[in-house]
Amino acid sequence: MLIPCPLCGPRDLREFSPRGAAVTLERPDAEALPEEWHAYLHLRDNPAGATRELWWHGAGCGAWLIVERNTVTHEVIGVSLVTGEPEQ
Amino acid sequence: MSPVARLMSRRSIAMRRHRCFAGGRPAGSGMRYNAFQILKQGLAGNRGWRPAWRKPDPKPEYDVLIIGGGGHGLATAYYLAAEHGLRNVAVLEKGYLGSGNVGRNTTIVRANYGLPGNSQFYSHSLRLWEGLEQELNYNVMHSQRGIINLFHSDGQRDAAARRGNAMLNQGDDAILLDRAECRAMLPYLDHDQTRFPIYGGLYHPRGGTARHDAVAWGYARGADRQGVDLIETCEVTGIDIAGGKVTGVQTTRGAIRARKVAIVVAGRSSQVAAMAGLRLPIESHVLQAFVTEGLKPVIDHVVTYGMGHFYISQSDKGGLVFGGDLDFYPSYAARGNLPMAEHVMEAGMTLMPMLGRARVLRSWGGIMDMSPDGSPIIDHAPVDGLFVNCGWCYGGFKAVPGSGHCFAHLIATGQPHPAAARYRLDRFETGRGLMDEEGTGAQHNLH
Ligand SMILES: Cc1cc2nc3c(=O)[nH]c(=O)nc-3n(C[C@H](O)[C@H](O)[C@H](O)COP(=O)(O)OP(=O)(O)OC[C@H]3O[C@@H](n4cnc5c(N)ncnc54)[C@H](O)[C@@H]3O)c2cc1C
Ligand SMILES: [Zn+2]
């Protein structure tokens with residue numbers, strides 16, 4: 001698996017650490033209901049097919065990336081930088 | 001540090017009531033297996049053996065439908081019939097029986113868990129293993145050759161002693177091996193390796209291995225002989241719910257009605273649960289395994305090398321069977337990537353340099369249903385008549401008898417079996433009763 005880092009170009013899987021579904025970018029408000037926190041922390045769509053994940057380019061530029069990937073074929077569909085702006 | 005007492009557990013006395021299949025068998029096809037049959041069939045040119053289970057078409061309605069013909073689904077069906085007299089049951093399998101993880105695992109069977117919940121459950125399961133061949137009249141090649149978990153520091157020795165004591169308290173067996181004992185039992189390891197010198201091991205004599213396919217086939221045959229319909233190439237595509245109650249399922253072989261439906265599909269749990277509108281606390285990951293060409297007997301036990309994420313045993317056919325950690329990204333591919341294969345080989349070579357002389361024959365992967373705390377779920381789903389059994393992570397093979405036994409109890413009686421009462425679906429939401437054996441946190445990606 002090669003992941004095309006927007007800063008470094010295509011790099012070997014060994015340089016990256018997966019951090020799970022990108023839902024972790026959608027942190028609920030502090031006042032959110034317990035069910036929302038539960039959904040955020042534990043429940044996952046866990047799709048067989050296209051998915052959005054967080055990966056860290058630890059042995060490269062150190063950037064956090066949003067990787068769109070197919071979980072059935074391992075094809076990497078797209079990669080972008082995590083901007084730090086809350087997602088809509 | 002309290003040394004673990006040397007206590008070999010009493011071999012569990014058959015706690016099973018042995019049911020004889022001979023009388024009152026409703027529909028199954030199989031014959032009893034015994035020495036006389038082998039002789040008789042052998043003399044007749046082995047032409048008289050019959051298939052071990054029927055290939056029925058689905059009926060329009062059953063009392064219980066089990067989705068998933070893996071180890072857990074087949075065992076559930078078996079115990080529904082054997083323990084609870086429920087025989088109007090069907091197992092719906094999208095491929096062939098045993099095509100999932102039950103035929104892809106590295107066959108380790110053990111009861112060396114430390115936390116309440118897991119501890120009594122795996123203990124219960126191991127006792128069922130010990131009576132399984134008689135119970136099923138089937139040779140599952142269960143071999144209690146012992147498991148040795150190596151440790152490499154004083155701190156790890158303390159942790160191993162604590163775990164061993166928990167195992168003894170549970171009524172199972174554990175022996176703390178020092179350096180010399182470990183060296184005597186496992187002379188072929190590189191004990192003085194510079195990376196992680198071996199300080200000793202936690203020995204679990206009743207642990208071991210079993211032939212994985214045979215476990216699926218044995219339960220399948222046992223369920224079939226009691227009238228359970230095993231329906232292969234039948235993929236469930238929808239779950240019918242009316243007024244908050246399950247009414248049946250849609251499949252590639254038509255609609256089937258039932259008021260009780262059980263989801264036991266391991267790596268595919270999220271997809272099947274979604275058919276009932278549920279989201280589960282599950283991520284599916286790939287775990288790889290490797291086997292070498294067949295060799296003469298060389299490894300007598302199961303050996304685990306936690307520091308290298310490596311474990312190994314030798315199959316009865318002679319292949320060295322070994323594996324490591326997850327690839328760590330969600331996957332449904334049933335195959336992994338090279339970095340983990342390389343890591344496993346490196347760890348194996350560090351621990352056991354002779355491994356380099358063997359040739360790897362095959363590698364493969366299975367889809368693991370990972371839960372946030374690394375422990376499983378056996379519970380009602382929040383839909384009337386729907387049950388879920390999932391979250392077995394990379395350790396569900398040894399759980400097959402216990403899981404089937406406890407899940408059947410839940411489905412038949414509506415009450416959790418005491419050995420599995422802590423495997424609640426709501427523990428992540430409430431935070432009560434999390435079972436995080438590794439102590440890393442109940443969070444995806446950490447187990
Ligand atoms: C490489 C590897 C090594 C392992 N090593 C060990 C070990 O040493 N010890 C141990 O205890 N555990 C081990 N495990 C884990 C163990 O194999 C699993 O936890 C366990 O087998 C899962 O339960 P199962 O047997 O019911 O799953 P499976 O055999 O996967 O059964 C699930 C079934 O559901 C079917 N299914 C899915 N979707 C549908 C649908 N829509 N309709 C109908 N059917 C469907 C699938 O086809 C499959 O047959 C290992 C796993 C792997 C992959
Ligand atoms: Zn980069």
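So you know, we letter chains A, B, ... as the sequences are listed, proteins then strands, and number each from 1.
- Heavy-atom distances place the side chain of A:R69, and not its backbone, under 4.5 Å from chain B.
- When each of B:S270, B:P330, B:A274 is scored by its heavy-atom pairs under 4.5 Å with chain A, the top score falls to B:P330.
- Taking 4.5 Å as the limit, every side-chain heavy atom of B:Y329 sits out of range of all side-chain heavy atoms of A:F16.
- Most heavy-atom pairs under 4.5 Å with chain B: of the set A:D45, A:V72, A:N70, A:T73, this distinction falls to A:D45.
- With a 4.5 Å cut-off on non-hydrogen atoms, A:W37 does not touch chain B at all.
- Minimum interatomic distance between A:A48 and B:Q271 (heavy atoms only, all atoms of both residues): N-NE2, 3.4 Å.
- Heavy atoms of other residues, nucleotides or ligands lying less than 6.0 angstrom from CH2 of A:W56 number 12 at most.
- A:R44 and B:I282 make their closest contact through CB-O, 3.7 Å (heavy atoms, listed as atom of the first residue, atom of the second, distance).
- Heavy atoms closer than 4.5 Å to chain A are found in both the backbone and the side chain of B:P339.
- Counting non-hydrogen atoms of other residues, nucleotides and ligands closer than 6.0 Å to CG of A:L81 gives a total above 12.
- Annotation: side chain of B:N445 is in contact with side chain of A:R19 (closest heavy-atom distance under 4.5 Å).
- Using a 4.5 Å cut-off between heavy atoms, B:L280 touches chain A through its backbone atoms (N, CA, C, O) alone.
- The neighbour count for A:Y40 OH, taken as heavy atoms of other residues, nucleotides or ligands under 6.0 Å away, is above 12.
- Counting all heavy atoms, side chain and backbone alike, A:A39 lies closest to B:R279 at CB-NH1, 4.1 Å.
- Ring geometry, B:F428 versus A:H42: the interplanar angle falls from 30° to 60°, so the pair is classed tilted.
- In this structure, chain A has a heavy atom under 4.5 Å from the side chain of B:R268, while its backbone stays farther away.
- Interface residue B:E429: backbone and side-chain heavy atoms are both found under 4.5 Å from chain A.
- Annotation for A:R14: atom CZ counts as buried by contact number, over 12 foreign heavy atoms lying within 6.0 Å.
- B:N337 contributes no side-chain N or O that, together with a main-chain N or O of A:L13, makes up a donor-acceptor pair within less than 3.5 Å.
- Using a 4.5 Å cut-off between heavy atoms, B:E283 contacts chain A through both its backbone and its side chain.
- Heavy-atom distances place no part of A:T51 under 4.5 Å from chain B, backbone and side chain included.
- B:A442 touches chain A through its backbone: at least one of N, CA, C or O sits under 4.5 Å from a heavy atom, while the side chain does not.
- For A:L41, the part lying near chain B is the backbone, with the side chain staying farther off; criterion is any non-hydrogen pair under 4.5 Å.
- No more than 12 heavy atoms of other residues, nucleotides or ligands lie within 6.0 Å of CZ in B:R424, so this atom counts as exposed by the packing criterion.
- Between the side chains of A:N46 and B:Y332, at least one donor-acceptor pair of N or O atoms lies under 3.5 Å.
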